Each structure stands twice: as C-alpha cells, then as structure tokens.
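Just below is one structure, and these are the notes that go with it.
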Amino acid sequence: MDIVNQLQRQYVDFLSSLYREGLLDDQFLQIQKLQDESNPDFVNEVVTLFFEDSEKLLHNLAIALSVDQQHVDYQKVDACVHQFKGSSSSIGAQRVRNICVSFRTCYDAKNLEGCLRCLQQVKDEYYLVKNKLQTLFRLEQQIVAAGGAIPIMG
Amino acid sequence: MTSAKRQSALVVDDDPVTRIITRGLLNYFGFEVSTLNDGIEVVNMYEAGKGHFDLIITDMEMPVMNGIEATKKLRSLGVGCKIIGVSSCDDETSRRHFMEAGLDHLFYKPLNVTKLQSCLENN
C-alpha cells in the first residue's frame, strides 16, 4: 500500500500545482467529475480530442500567418482563435484561453507582428499544458497498475 | 436526475471538444444525447420531421447557421422543447438578441455543471 499512497500523494501534489500555476482551472475539475464507471475513459477521451483539435488549429494559424501583411486572411485567423478559445475554455486550459483573448486584440487591429507573437505564446502554453496533462495521465496509469484508485480532488 | 424513461437531448456545436464535454455532462444528468455540428443541421433535421428532442443545447456562434437563426427557425417550425444557448459573448446587447430569438436560457462559456443542473431541475 505504501507505493500506492506515495503515487496518490504525488498525483494530488502534481494536479494541485497545475491549478496553482493557472494551467488548469475549475472547468477541468468539473470534467473529471463526469468520469464514472459508465464512462471510465471520459477525461482521456476529451483531452485526446483537445490535443488533436488544437494541433490542427495551430497548424492552420501558422499557415494563415505565414504570408505578408497584405495577404493575411484575418477572418481565418479569427475562426481558428475563436475555436481554440472555446475548446481551451471548455477543458479548463486557462492560460491557453487567456492568450487567445490577447490574440483577438492583435488580429482585430490587423497587427501581424502581434499575431505572430501571440501564436508563439499560445503554442508555448499549449505544449506546456499538453506535457503536464500527459504526465498526469502517466501518474494515473501507475496508480491503477499498483492497484490503487485515482484520488478525487475536492 | 433520474427518470424511468430517459429524456433526449441534442447538442449543437461546431467545436468537437465542447460537443463531447456537453454530451458527457448531459449523459451524467441521465439524458440520451445526440450531437450535430451546425445550426443548419438541426433545422434540416426538424424540417424533415426527424427532430424529437426534449432539450436542445446550442452554441450561438457557428459558421453556417448561428444559434440565433437556428433558434428562430426552430420556433417558427413550432419546436416547443427547451432550447438553451451557450455563448462566449457576455455583453447585454448580445444577450438580448439571443433571448429574443426564442431561447429559454442562455449560459456563457464554459458551461457550468452546477448552473446547468439547477436550470434543468427547476425546469
């Protein structure tokens, strides 16, 4: 049981740090609460879809912003960022969502330089939260493999 | 929410992540859930006589037909079920336009589990 307790403590500490650092907000906790015996992989399913969707959006944004100032399709940028803001907000990826809000200010002003800066920032925040969530899921797998239950955060 | 016969719900949203989360939420509340990607799809479904839901939750911003137009159209077709809108626009003017379209309730994104549950239980 010692190893299970240790892993569970590690899990709680790690997840708490994600909330403390603003990487995740209460919305992620609400998603975790929807996972039960009838839907045991719900969080993994949602997060995996978020990863796939986000990488497509980042790719599309990079293409839309890879042209010169006169030819940027800001409507396309708007559509991508709007969707990214929605999905990151739905999953609780707070810092990604916040960058999307700043991003909007740049493309509303047709500020290409600002958009490119925001694109880099949103990529950085996205990959950070992705890595953290993948670490979290690895901890979950270790707990289950050791015969323990995944702690429920209040 | 428990019921001998499960109520049916339709989630309309162009964002796949939000769609799956809202579906999970409604499953959790005991609904049988279907999903569509855009307002035009739900209107086409009801126009074809194939729409029979107890609840519709619709995103208000969608690429082909947005939630306002879809809601107006559904109400003009005589659709009387509860329609809940979800939007990222939190200004009062937008809120008024959304409600005037025929929504029963409007929530701002992200959809809050507690508030939605309270809304569904209070009918």
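Note that the structure is predicted; figures quoted are calculated from it, not measured. Numbers restart at 1 for each chain; the letters A, B, ... are given by sequence-line order, proteins then strands. Computed over heavy atoms, backbone and side chain alike; hydrogens, waters and symmetry mates excluded.
At a 4.5 Å heavy-atom cutoff, the contact between A:F42 and chain B is made by side-chain atoms alone. No part of B:D59 comes within reach of chain A, as not one of its non-hydrogen atoms sits under 4.5 angstrom from that chain. Using a 4.5 Å cut-off between heavy atoms, A:K33 contacts chain B through its backbone alone, with no side-chain atom that close. Heavy atoms of A:L49 lying under 4.5 Å from chain B belong to its backbone as well as its side chain.
Between B:I21 and A:I31 the shortest heavy-atom distance is CD1-CD1, 3.6 Å. Smallest separation of non-hydrogen atoms from B:I20 and A:E45: CD1-OE2, 3.2 Å. Between B:T18 and A:S90, the shortest heavy-atom contact is OG1-OG, 2.8 Å.
At a threshold of 4.5 Å between non-hydrogen side-chain atoms, the residues B:P16 and A:Q83 count as touching. Using a 4.5 Å heavy-atom cutoff, the side chains of B:Y28 and A:D36 are in contact. Side-chain contact between A:H82 and B:S88 is present, with heavy atoms from C-beta onward closer than 4.5 Å.
Placement of B:L74 and B:I84 in two distinct hydrophobic clusters is found when ILVMFWY residues are connected by side-chain heavy-atom separations under 4.5 Å, directly or transitively. Linking ILVMFWY residues whenever their side-chain heavy atoms come closer than 4.5 Å, directly or via other members, places B:L116 and A:L29 in the same cluster. Both A:L23 and A:L58 are part of a single hydrophobic cluster, where members link through side-chain heavy atoms under 4.5 Å apart. Tracing side-chain contacts under 4.5 Å through hydrophobic residues (I, L, V, M, F, W, Y), one never reaches B:L26 starting from B:I56; they form parts of separate clusters. Residue A:V122 is not grouped with residue A:I63 when hydrophobic side chains (ILVMFWY) are merged at heavy-atom distances under 4.5 angstrom, including chains of intermediate members.
Counting non-hydrogen atoms of other residues, nucleotides and ligands closer than 6.0 Å to CZ of B:R75 gives a total above 12. Applying the 6.0 Å contact sphere to NZ of A:K76 captures no more than 12 heavy atoms from other residues, nucleotides or ligands.
Expressed to the nearest 0.5 Å, how far NZ of B:K109 lies from OG of A:S87 amounts to 9.5 Å.
With hydrogens and angles disregarded, a donor-acceptor distance shorter than 3.5 Å links the side chain of A:Q27 to the backbone of B:L111.
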